[in-house]
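Data first, discussion second: the structure below is written as structure tokens.
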Amino acid sequence: MALSGTSRVRRQLPTSPWLFAAPGLLVIGAFVLYPFVSTVVNSFTDRRTLIPGRFVGLANFRELLHDDMFWIGLRNSTLYVLGVVPLLIVLPLLLALLVQKNIPGIAFFRSAFYTPVVASIVVVGLIWVWLLDERGLVNSLLETVGVGRVGFLSDQWLLLLSAMAVTVWKGLGYYMIIYLAALGNVPRELHEAAAVDGAGAVRRFLTVTVPAVRSTMVLVGALSSVAAFKVFSEVYLLAGPSGGPAGEDTTLVMLVQRTGTGLSGRVGYASALSVVVFVVTVALMLLVLRADRKDES
């Protein structure tokens with residue numbers, strides 16, 4: 001009887017892991033896989049919010065090529081990546097080096113630098129709007145010193161730069177924590193050996209710290225690239241639903257939201273935009289990983 005019971009348990013074991021994984025798989029299927037497949041299918045239809053739509057093939061993608069707003073959104077999203085990612089790779093690393101030292105009161109600064117990460121993006125956006133508005137604090141200070149008011153939220157390029165500043169400010173603490181974990185694994189003996197050889201602080205940073213955290217820098221670059229290309233909240237809160245003056249600061253994700261929502265939303269066209277965003281973000285990650293492999297070789 002004992003042997004037969006053991007054999008029954010052994011027969012049931014192959015299915016047991018799937019029973020434990022079933023709740024997670026159901027959640028992934030319902031909220032990740034199904035929406036993804038549905039978006040891809042809808043991208044080949046002319047579906048609207050209240051109309052099922054019919055198959056139109058590549059018509060939505062051909063329309064993208066002649067849509068001026070698509071090219072504006074692609075330009076702004078690309079500029080966002082180019083402006084934000086290098087700063088989010090370098091600045092958090094320097095910040096992590098500063099707060100890594102065990103000195104009295106350093107825990108306060110670590111918490112202060114991380115506070116923007118846990119703050120609501122809506123609250124952060126409203127604070128920055130209050131600071132950069134035509135009658136905001138920054139313009140009041142500039143006017144006091146005789147510089148005059150600057151249209152941070154009314155000029156096309158200044159608005160985009162202001163949104164980039166918000167993204168960098170909010171992301172510094174998050175990537176700082178990642179770098180702190182990586183710096184904790186750097187052997188102290190390497191720094192001591194470099195110091196004995198006469199290397200200064202800058203040289204030790206370039207020859208010891210950077211190579212030691214290189215894989216972490218690649219990770220930060222990949223994460224920040226995807227997040228920057230899919231930016232929505234910062235630009236939306238600073239520029240408004242219209243996307244700034246004449247919509248010139250609209251990003252691709254803002255265009256998806258504007259096109260696919262509402263009672264007359266073009267769900268099919270918005271799905272085609274979403275597929276393009278997905279393809280570009282995957283391409284960005286592959287480029288970062290490919291560059292990393294080339295450097296290693």
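Computed from heavy atoms alone, side chains included, the values below leave out hydrogens, waters and symmetry copies. The first residue of the sequence shown is numbered 1, and numbering continues consecutively from there.
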Using residues 143-152 as the side-chain source, report each donor-acceptor pair under 3.5 Å to any protein atom, sequence neighbours left out, with the distance given to one decimal.
residue: Glu143; atom: OE1; partner: Arg149; partner atom: NE; Å: 3.3
residue: Glu143; atom: OE1; partner: Arg149; partner atom: NH2; Å: 2.7
residue: Thr144; atom: OG1; partner: Ser140; partner atom: O; Å: 2.7
residue: Arg149; atom: NH1; partner: Glu134; partner atom: O; Å: 2.5

Rounded to the nearest 0.5 Å, how far does [atom2] of [Y] lie from [atom1] of [X]?
X	Y	atom1	atom2	value
Phe109	Ser111	CZ	OG	11.0 Å
Leu79	Met164	CG	CE	5.5 Å
Leu33	Leu25	CG	CG	9.0 Å
Leu273	Thr259	CG	OG1	5.5 Å
Asp67	Leu74	CG	CG	11.5 Å
Ile127	Leu131	CD1	CG	7.5 Å

Should [X] and [Y] count as side-chain neighbours, where that means a heavy-atom distance under 4.5 Å?
X	Y	result
Arg75	Phe70	no
Leu93	Met176	no
Leu286	Arg290	no
Phe229	Thr78	yes
Thr251	Leu255	no

Aromatic ring pairing Phe232/Tyr236, orientation class (parallel under 30°, perpendicular over 60°, tilted between): parallel
Is there a donor-acceptor contact under 3.5 Å from the side chain of [X] to the main chain of [Y]?
X	Y	answer
Asn76	Ile72	yes
Ser77	Leu252	yes
Asn139	Asp133	yes
Tyr179	Ile89	yes
Arg204	Ala194	no

Do you reckon [X] sits in the same ILVMFWY cluster as [Y], going by side-chain contacts under 4.5 Å, direct or chained?
X	Y	result
Val267	Met254	no
Leu88	Met285	no
Phe108	Ile177	yes
Val168	Ile178	yes
Val276	Leu65	yes

Tyr174, OH: over 12 other non-hydrogen atoms inside 6.0 angstrom: no
Pair Arg258-Ser242, side-chain donor/acceptor within less than 3.5 Å: no
Heavy atoms only: give me the nearest [X]-[Y] pair and the separation to one decimal.
X	Y	result
Ile106	Leu98	CD1-O, 4.0 Å
Val85	Gly221	CG1-O, 4.1 Å
Ala182	Val213	CB-CG1, 4.0 Å
Trp71	Leu64	NE1-O, 3.8 Å
Ala163	Leu238	N-CD2, 3.7 Å
Ser225	Val81	O-CG2, 3.8 Å

Test side chain to side chain contact (heavy atoms under 4.5 Å, CB included) applied to Leu141 and Val138, step by step: CA-CA 5 Å; Leu141 293 175; Val138 174; 5.8 Å; no
Steps toward side chain to side chain contact (heavy atoms under 4.5 Å, CB included) verdict (Tyr175, Leu91): CA-CA 9 Å; Tyr175 297 114; Leu91 293 182; over 6 Å; no
Phe36 and Phe278: CA distance, side-chain angles, deciding distance, ring-ring contact (aromatic ring centres under 6.0 Å, His included) verdict: CA-CA 10 Å; Phe36 174 77; Phe278 171 76; 5.1 Å; yes
Trace of the side chain to side chain contact (heavy atoms under 4.5 Å, CB included) decision for Leu183 with Thr209: CA-CA 8 Å; Leu183 290 173; Thr209 303; 3.7 Å; yes
Derivation of the side chain to side chain contact (heavy atoms under 4.5 Å, CB included) call for Leu126 and Val122: CA-CA 6 Å; Leu126 292 176; Val122 176; 4.3 Å; yes
All pairs passing ring pair (Phe, Tyr, Trp, His ring centres under 6.0 Å) where residues 115-151 contributes a residue, at least two apart: Trp128-Trp169
Could you give the side-chain donor-acceptor pairs of residues 42-53 under 3.5 Å, partners two or more places apart or in another chain?
residue: Asn42; atom: ND2; partner: Ser38; partner atom: O; Å: 3.1
residue: Asn42; atom: ND2; partner: Ser38; partner atom: OG; Å: 3.4
residue: Ser43; atom: OG; partner: Val40; partner atom: O; Å: 2.5
residue: Thr45; atom: OG1; partner: Asn42; partner atom: O; Å: 2.8
residue: Thr45; atom: OG1; partner: Arg47; partner atom: N; Å: 3.4
residue: Asp46; atom: OD1; partner: Arg54; partner atom: N; Å: 2.6
residue: Arg48; atom: NH1; partner: Ser264; partner atom: O; Å: 3.2
residue: Thr49; atom: OG1; partner: Gly262; partner atom: O; Å: 2.6
residue: Thr49; atom: OG1; partner: Gly265; partner atom: N; Å: 3.2
residue: Thr49; atom: OG1; partner: Gly265; partner atom: O; Å: 3.4

